[in-house]
Undergrad: 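I have a structure here, written as structure tokens, and I will follow up with some questions on it.
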Amino acid sequence: MAKLLQAPPKFLPPEWHIANKTQYASAESQRSRSERLVAESQRLVDEIEKTTQKTQSDVNKKIEQRLDEIKFWKQELDDKLEQIVNETEVLLTFKTRLEKALESCKEPLFIGQECLLNRQRRVGIDLVHDEVERELIKEVEVLQGVMALLERTLEQTNEQIRLNRSAKYNLEMDLKDKFAALTIDNYCSNLTNNTPDIRYARNVLKVEGNSVSPEDWVDFSNVNVEKADKQRNNSLMLRALIDRILSQTAIDMRKQCETVNIAFKNRVKETKDAKNKLEIHLAKVMDEITSQEKNIAALKKAIIDKEGPAKVAHTRLETRTHRPNVELCRDMVQYRLISEVQEITNNIQRLKDTLAQAEVELKGLSRRQLSLEEEIQVKENTLYIDEVLCMQMRESISINNF
């Protein structure tokens, strides 16, 4: 207890001075370190502030550059979209032209085929493979070829419209993404340190696995632009081709139609000439029949007229056989009467032979009359088919430029 109640030890003055100096030195050292830290901190703060501002400024600049890039490609895509949309609309009008041209071929083709069928109803010698038939067959072939060409071109046009719309879809999707990116980067560009809704986000430092490089980003839009340009150029060439096809096919069909019409006119004229000549020959044959009938009547009358002289001669000869005795003389009268009978008999036979020949000729003329009448009916039937059925039907053919 006595030790516990002992007074604390006392230091010597030098120790006191040393202890104070030690405190002074420690405080000075601590203060000095603190001052250095304060100075270093301020420098660090200033440096980081400058770095942060510089970095943020650089980021802002990069965002502005990125916005410019997006705006540039968005404008490019907008231009290409407008071009492909306009081109598709124009191509659709060309498709309509093709459809109208194809539809317009049906009536001429039907008429050409009907003309061929109608002309199969010609009869006799008029059922001939003439120039009209050859040109009609050619016309049907031309029309069928034109329709096949137009159908192929229409299919090609439909495919090109599909490709144009595919390019348009790609551009629209790209533009949609560009608009979204532009909206996002515009929002980012407008953010400041004092913006109310800025916040910390989790996992922002990672790189998205589906992200692409700037080169790939440019290539993607560039490919869409190039595809749009390619399809637009293909569409332009197709429209030029359609123009040429529509023009040339119209020329070919019109030319062949005119050729057929000319062939019909020539054939009708030729048939009418033949019919007129047949009618002339029929009239001559009819006149000849009348003449031959008169001739036959005259021959018959001549034969009948010879019966009197023949009977007289026969009666005289028979009567003179009754002369008595020496009067039964072979005198000149006897010989002349015999000669007369023979002459009259021969003449009657000649008249009968001529009559038979005349009757044969009359039958021949009658047959020729029937043949000519039938042939005239054949020509009338042909004229009705060619001039009435076919040519009048062909008047409705109209070949237009579409």
Side-chain angles (χ1 to χ4, degrees), residues 93-155 157 240-283 371-402:
T93 64
F94 275 69
K95 176 187 174 183
T96 302
R97 289 173 60 192
L98 280 172
E99 290 171 340
K100 288 181 179 179
L102 185 58
E103 184 66 26
S104 72
C105 292
K106 293 181 179 179
E107 184 181 4
L109 178 60
F110 172 77
I111 290 174
Q113 292 171 334
E114 280 296 302
C115 287
L116 285 171
L117 287 175
N118 286 334
R119 297 190 92 242
Q120 292 300 317
R121 292 160 53 190
R122 293 173 297 164
V123 294
I125 193 63
D126 276 22
L127 189 60
V128 60
H129 184 63
D130 53 11
E131 185 69 18
V132 176
E133 186 165 348
R134 287 192 292 273
E135 294 300 334
L136 275 172
I137 292 172
K138 184 177 178 182
E139 182 179 52
V140 169
E141 291 173 349
V142 167
L143 287 166
Q144 289 173 338
V146 166
M147 291 181 72
L149 176 60
L150 291 177
E151 286 172 353
R152 289 196 302 272
T153 309
L154 185 58
E155 291 174 1
T157 303
L241 176 64
I242 292 171
D243 264 333
R244 291 195 300 271
I245 287 175
L246 290 176
S247 176
Q248 189 58 49
T249 52
I251 290 172
D252 292 343
M253 289 189 295
R254 193 176 293 113
K255 180 180 178 181
Q256 186 58 32
C257 180
E258 291 172 356
T259 301
V260 172
N261 290 341
I262 291 172
F264 260 117
K265 289 177 183 178
N266 292 338
R267 187 58 176 167
V268 166
K269 182 179 181 300
E270 189 177 12
T271 304
K272 284 182 176 179
D273 290 343
K275 177 175 174 287
N276 291 336
K277 290 178 181 178
L278 288 170
E279 288 172 342
I280 291 171
H281 282 286
L282 177 62
S371 176
L372 288 170
E373 288 173 346
E374 289 175 357
E375 195 60 30
I376 289 170
Q377 288 179 350
V378 167
K379 296 295 182 285
E380 288 174 347
N381 176 68
T382 300
L383 286 172
Y384 175 74
I385 291 171
D386 285 352
E387 191 172 26
V388 178
L389 293 182
C390 294
M391 291 186 70
Q392 288 185 7
M393 183 165 52
R394 291 185 66 81
E395 289 178 359
S396 65
I397 293 178
S398 176
I399 305 204
N400 301 314
N401 290 327
F402 291 95

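Sequence positions, counted from 1, serve as the residue numbers for this chain. Values reported hereafter were calculated over all heavy atoms of this structure, with side chains retained and with hydrogens, waters and symmetry mates removed.
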Undergrad: Side chain to side chain donor-acceptor pair (under 3.5 Å) with Arg267: which of Asp130, Thr382, Asp386, Asp126?
TA: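 In the set Asp130, Thr382, Asp386, Asp126, the residue that makes a side chain to side chain donor-acceptor pair (under 3.5 Å) with Arg267 is Asp130.
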Undergrad: If you apply the rule salt bridge (charged side-chain N to carboxylate O under 4.0 Å, His left out), what do you find for Arg122 with Glu133, and how did you get there?
TA: CA-CA 12 Å; Arg122 293 173 297 164; Glu133 186 165 348; 3.0 Å; yes
Undergrad: Are Asn400 and Ser398 close enough that a side-chain donor and a side-chain acceptor fall under 3.5 Å?
TA: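 Yes, Ser398 and Asn400 have a side-chain donor paired with an acceptor closer than 3.5 Å.
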Undergrad: Run the salt-bridge test on Glu270 and Lys275 with the 4.0 Å N-O cut-off and return the result as yes or no.
TA: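 Salt bridge flag = no for Lys275 with Glu270.
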Undergrad: Kindly say whether Lys138 contributes a backbone atom to a donor-acceptor pair with the side chain of Gln256 at under 3.5 angstrom?
TA: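 Absent.
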Undergrad: Taking only Lys NZ, Arg NE, NH1 and NH2, and the carboxylate oxygens of Asp or Glu, determine whether Glu375 and Lys379 approach each other closer than 4.0 Å.
TA: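 Result for this pair is yes, salt bridge flagged.
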Undergrad: Any chance CD1 of Ile125 has more than 12 other-residue heavy atoms, nucleotides or ligands included, within less than 6.0 Å?
TA: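 At most 12 heavy atoms, drawn from other residues, nucleotides or ligands, come within 6.0 Å of this atom.
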Undergrad: Okay, side chain of Arg121, backbone of Ile385: is any donor-acceptor separation there less than 3.5 Å?
TA: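 No; zero donor-acceptor contacts below 3.5 Å.
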Undergrad: For a quick test of reading the model, state the closest non-hydrogen atom pair linking Phe402 to Ser104 and the distance between them.
TA: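 Closest approach of Phe402 to Ser104: CE1-OG, 3.4 Å.
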Undergrad: Taking the basic N atoms (NZ, or NE/NH1/NH2) and the acidic carboxylate oxygens, is any pair closer than 4.0 Å for Asp273 and Lys269?
TA: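 Lys269 and Asp273: salt-bridged.
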Undergrad: Below 4.0 angstrom, N of the basic side chain to O of the carboxylate: do Arg394 and Glu139 qualify?
TA: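 Yes, this pair counts.
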Undergrad: Leu246 vs Phe94, test: side chain to side chain contact (heavy atoms under 4.5 Å, CB included). Steps then yes/no.
TA: CA-CA 10 Å; Leu246 290 176; Phe94 275 69; 5.6 Å; no
Undergrad: Dump the intermediate steps for salt bridge (charged side-chain N to carboxylate O under 4.0 Å, His left out) on Glu131 and Arg134, then the final yes or no.
TA: CA-CA 5 Å; Glu131 185 69 18; Arg134 287 192 292 273; 2.8 Å; yes
Undergrad: Would you find a donor on one side and an acceptor on the other, under 3.5 Å apart, between the side chain of Asn381 and the backbone of Gln377?
TA: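 No: the side chain of Asn381 does not pair with the backbone of Gln377.
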Undergrad: Between Leu150 and Leu98, which heavy-atom pair has the shortest distance, and what is it?
TA: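 What the structure gives for the nearest pair is CD2-CD2, 3.7 Å.
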Undergrad: Keeping the roles fixed (side chain from Ser247, backbone from Arg244), state whether a donor-acceptor pair exists under 3.5 Å.
TA: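 Checked: no pair found.
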Undergrad: Between Arg152 and Glu155, is the closest basic N to carboxylate O distance under 4.0 Å?
TA: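 No, Glu155 and Arg152 are not salt-bridged.
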